[in-house]
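On a predicted model such as this, the values are computed, not experimentally measured, just so you know. These numbers come from the heavy atoms of this one structure, side chains and all, not from hydrogens, waters or symmetry mates. For the single chain, residues carry numbers from 1 onward in sequence order.
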Amino acid sequence: MLRTYLGTVRGQLVLWYLSVLAILLLVVGVVQSITLTQYLRTSTASSLEQSAHAELRVLGPCFVHTAAQLNAHAGTLAQFLGSRDTAVKIVTPSGETLANRSFGLPGHFHVMRLPATTIVNLIQSAKRANVPDLTEIRGPSCQGLAQSRAAVNHVYGASGGPGFNQPPPPVQAVLNEGDLVLVAIPLGLSGQTVGYALLGRSFADAASTIQRTELVFAVSALAVLLLAAIVALPLINRALLPLRRIADTAGAIAGGDLQQRANLTHSPDEIGRLGKAFDTMVDQLEAALTTANQSEERMRRFLADASHELRTPITVLRGTSEILLRHRPTDQSDLTGALKDMNEEAVRLSRLVDDLLTLSRLDAGLPLNPEPVQVRPFLEHFADRYGNVWPSRQIQVETGEIDGATAYVDPEALRRIVTNLVDNAAQYSTRGGTISLGGQSDARTVTVLVSDAGPGLSQEDAARVFERFYRGAKSRSRGSGGTGLGLAIVQALAKESGGSVRIDTAPTRGTTIAITLPRSEL
């Protein structure tokens with residue numbers, strides 16, 4: 001269970017958070033312990049120095065004028081400088097011990113043993129410290145101190161024990177330099193050091209205080225870590241709720257529900273931006289899938305329609321050819337009629353294949369070569385050259401509104417557009433009627449209009465007339481000769497040329513198709 005939880009983002013965040021907090025607490029604890037230890041050692045050393053200086057202000061003039069005087073009174077001086085918690089060692093400038101004073105209660109004395117190297121180092125530190133000489137300050141008379149000396153010697157003895165000739169007190173423990181705070185005090189007149197008083201005080205009580213402090217800090221740190229974990233869990237869970245929502249939304253989308261969204265736009269932080277980007281990505285994915293499905297559906301419908309359209313002329317050609325081969329008609333008129341039917345179906349099949357090929361090229365991005373084209377001369381030339389293709393219709397050009405207008409379009413694409421529009425109008429309008437070619441223009445566009453006076457289209461048919469193979473009304477049936485691709489090609493060419501197409505029609509009032517193209521700046 002715990003391993004599974006630690007494998008989650010929440011578990012890892014909590015673990016990292018507690019780990020960093022634990023490291024910080026450890027660093028604080030170590031720094032605190034070192035600082036406290038240094039402070040206590042420094043405070044103890046300062047206390048020893050101040051106490052020794054205070055004693056030397058009184059004792060110095062009587063005991064440390066000369067080396068001989070120091071040697072004679074070293075034991076007494078050690079007794080005065082020492083105390084129940086302070087041991088003293090009087091040494092010469094070379095480090096030779098003159099007197100010792102142990103510390104502790106009677107019967108429980110502790111001996112201070114120092115290696116020669118430690119003594120030398122203490123003497124050197126005292127020289128570098130340049131401790132002020134206090135021995136020239138005169139205190140009480142030396143006669144009074146001599147009387148005090150006799151009393152001290154009677155109790156402790158000059159050698160540090162009880163009485164001059166009595167054996168030393170029982171030693172309960174030996175304290176080495178690591179257990180002591182040590183200081184060295186110069187003895188003698190100014191500029192004439194005759195010896196040193198090495199003072200040592202046990203650091204056991206301070207060490208015990210440090211240990212208790214460390215224990216309290218450790219327990220407090222554990223309590224802080226536990227409290228931090230209790231506080232961090234709900235906070236991190238709350239902070240990760242948006243991510244959980246995104247994950248749940250992603251799971252629902254993976255299950256097929258593309259309508260799901262994270263909806264985290266109200267959050268201004270990084271997670272909110274992630275949610276917004278996620279929703280945008282899903283929107284684009286849904287749009288892409290919808291487009292792909294629509295494209296696939298159109299392709300299936302296109303293939304079905306194309307197969308159906310191709311089947312009719314091929315069936316006619318096959319049936320007519322089989323009849324000719326089977327019956328071999330001798331009547332010239334029957335043979336001519338059969339060949340005419342075959343020719344018409346072959347022409348229709350050729351046009352259908354040509355239209356399919358054009359659409360496939362447009363779908364693949366057929367490159368066009370646009371250039372400035374003067375619309376009025378183009379339409380007039382078209383009517384003169386191709387008007388006889390539709391002998392049962394009159395092609396009328398009305399170009400007054402586009403006189404001088406120049407469109408930016410591929411001439412071949414424009415010719416195909418106008419041809420398909422006129423052919424569509426000729427197929428689905430009244431025989432002998434008029435097809436009008438006109439246009440409009442403004443500062444940015446040129447519009448070509450193709451109008452007929454045919455039966456027109458219903459609103460439903462007009463909305464779908466540009467679909468491939470679409471035929472709505474009976475008047476637009478296959479029998480009229482169309483393939484159902486002409487207007488689809490017109491729309492594709494108009495869009496490829498940077499323009500658009502629209503239709504204006506209604507039953508009984510004819511049809512007008514407008515092709516809007518970009519105007520040339522030349």
Side-chain angles (χ1 to χ4, degrees), residues 29-59 74-92 95-126 128-129 131 152 155-162 166-187 195-218:
V30 171
V31 172
Q32 174 184 279
S33 179
I34 293 175
T35 303
L36 181 60
T37 301
Q38 292 178 346
Y39 171 76
L40 292 177
R41 284 187 174 276
T42 303
S43 299
T44 303
S46 177
S47 175
L48 285 173
E49 291 178 352
Q50 292 177 3
S51 177
H53 290 162
E55 293 291 340
L56 289 175
R57 287 177 185 273
V58 179
L59 303 176
T76 303
L77 183 61
Q79 300 303 325
F80 277 110
L81 293 179
S83 65
R84 185 176 61 182
D85 57 356
T86 304
V88 180
K89 183 184 289 289
I90 306 297
V91 298
T92 64
E96 181 182 356
T97 301
L98 298 178
N100 279 306
R101 164 66 159 85
S102 302
F103 65 91
L105 296 174
H108 297 83
F109 288 99
H110 298 276
V111 176
M112 179 177 67
R113 292 182 180 177
L114 300 177
T117 54
T118 300
I119 295 175
V120 173
N121 291 335
L122 287 172
I123 293 174
Q124 294 297 327
S125 65
R128 289 193 299 268
V131 179
V152 171
V155 177
Y156 291 100
S159 63
Q166 297 180 11
V171 177
Q172 301 296 327
V174 176
L175 296 179
N176 299 315
E177 56 178 319
D179 304 318
L180 300 170
V181 176
L182 300 171
V183 296
I185 306 297
L187 302 174
Y196 294 90
L198 306 183
L199 284 73
R201 182 171 293 175
S202 174
F203 199 67
D205 292 340
S208 177
T209 300
I210 293 173
Q211 290 177 356
R212 288 194 299 271
T213 303
E214 291 174 347
L215 178 60
V216 171
F217 183 84

Q: Can you check whether Leu122's main-chain N or O pairs, donor with acceptor, with Ser125's side chain at less than 3.5 Å?
A: yes
Q: Got a sec, which residues hit side chain to side chain donor-acceptor pair (under 3.5 Å) with Ser33, two or more places apart in sequence or on another chain?
A: Glu214
Q: Go through the structure and list residues passing side chain to side chain contact (heavy atoms under 4.5 Å, CB included) with Ala45, not counting sequence neighbours.
A: Val181, Val183
Q: Mind checking what makes side chain to side chain contact (heavy atoms under 4.5 Å, CB included) contact with Val30, not counting sequence neighbours?
A: Leu26, Ile34
Q: Could you tell me which residues satisfy side chain to side chain donor-acceptor pair (under 3.5 Å) with Ser83, sequence neighbours excluded, listed by chain and number?
A: Asp85, Thr86
Q: Can you measure from CD (Gln79) to CD (Glu55) and round to the nearest 0.5 angstrom?
A: 12.0 Å
Q: First locate atom CG of Asn100, then atom CZ of Arg113, and finally report the distance between them rounded to the nearest 0.5 Å.
A: 10.0 Å
Q: Counting C-beta onward and ignoring hydrogens, is there a side-chain heavy-atom pair between Leu198 and Thr118 closer than 4.5 Å?
A: no
Q: Asp205: what forms a side chain to side chain donor-acceptor pair (under 3.5 Å) with it, not counting sequence neighbours?
A: none
Q: What distance separates Leu56 CG from Ser51 OG, expressed to the nearest 0.5 Å?
A: 9.5 Å
Q: I need the minimum non-hydrogen distance between Val91 and Ile123, along with the two atoms involved.
A: CG2-CD1, 4.3 Å
Q: Please give me the minimum heavy-atom distance between Ala74 and Leu98, naming the atom from each residue.
A: CB-CB, 3.7 Å
Q: Does Glu96 have any side chain to side chain donor-acceptor pair (under 3.5 Å) partners at least two apart in sequence or in another chain, and if so, which?
A: none
Q: Evaluate side chain to side chain donor-acceptor pair (under 3.5 Å) for Thr37 paired with Arg41, printing each intermediate quantity in order.
A: CA-CA 6 Å; Thr37 301; Arg41 284 187 174 276; over 6 Å; no
Q: Cationic tip of Arg201 within the cone over Phe103's six-membered ring, i.e. under 6.0 Å and within 45° of the normal?
A: no
Q: I want to check something: taking the side chain as every heavy atom from C-beta on, are Ile119 and Tyr196 in contact at a cut-off of under 4.5 Å?
A: no
Q: Grab the two heavy atoms, one from Ala78 and one from Ala99, that are nearest each other, plus how far apart they are.
A: CB-CB, 4.3 Å
Q: Looking only at atom types and distance, does a side-chain atom of Ser46 sit under 3.5 Å from a main-chain N or O of Thr42, one as donor and one as acceptor?
A: no
Q: Quick one: closest heavy-atom pair of Phe217 and Gly29, and the distance?
A: CE2-CA, 3.3 Å
Q: Met112 and Gly200: which non-hydrogen atoms are nearest, and at how many Å?
A: SD-CA, 3.7 Å
Q: Excluding sequence neighbours, so at least two apart, what forms side chain to side chain contact (heavy atoms under 4.5 Å, CB included) with Ala197?
A: Leu81, Ile90, Ile185, Leu187, Leu199
Q: Mind checking side chain to side chain contact (heavy atoms under 4.5 Å, CB included) for Thr213 and listing every partner two or more places apart, or none if nothing turns up?
A: Gln32, Leu36, Thr209
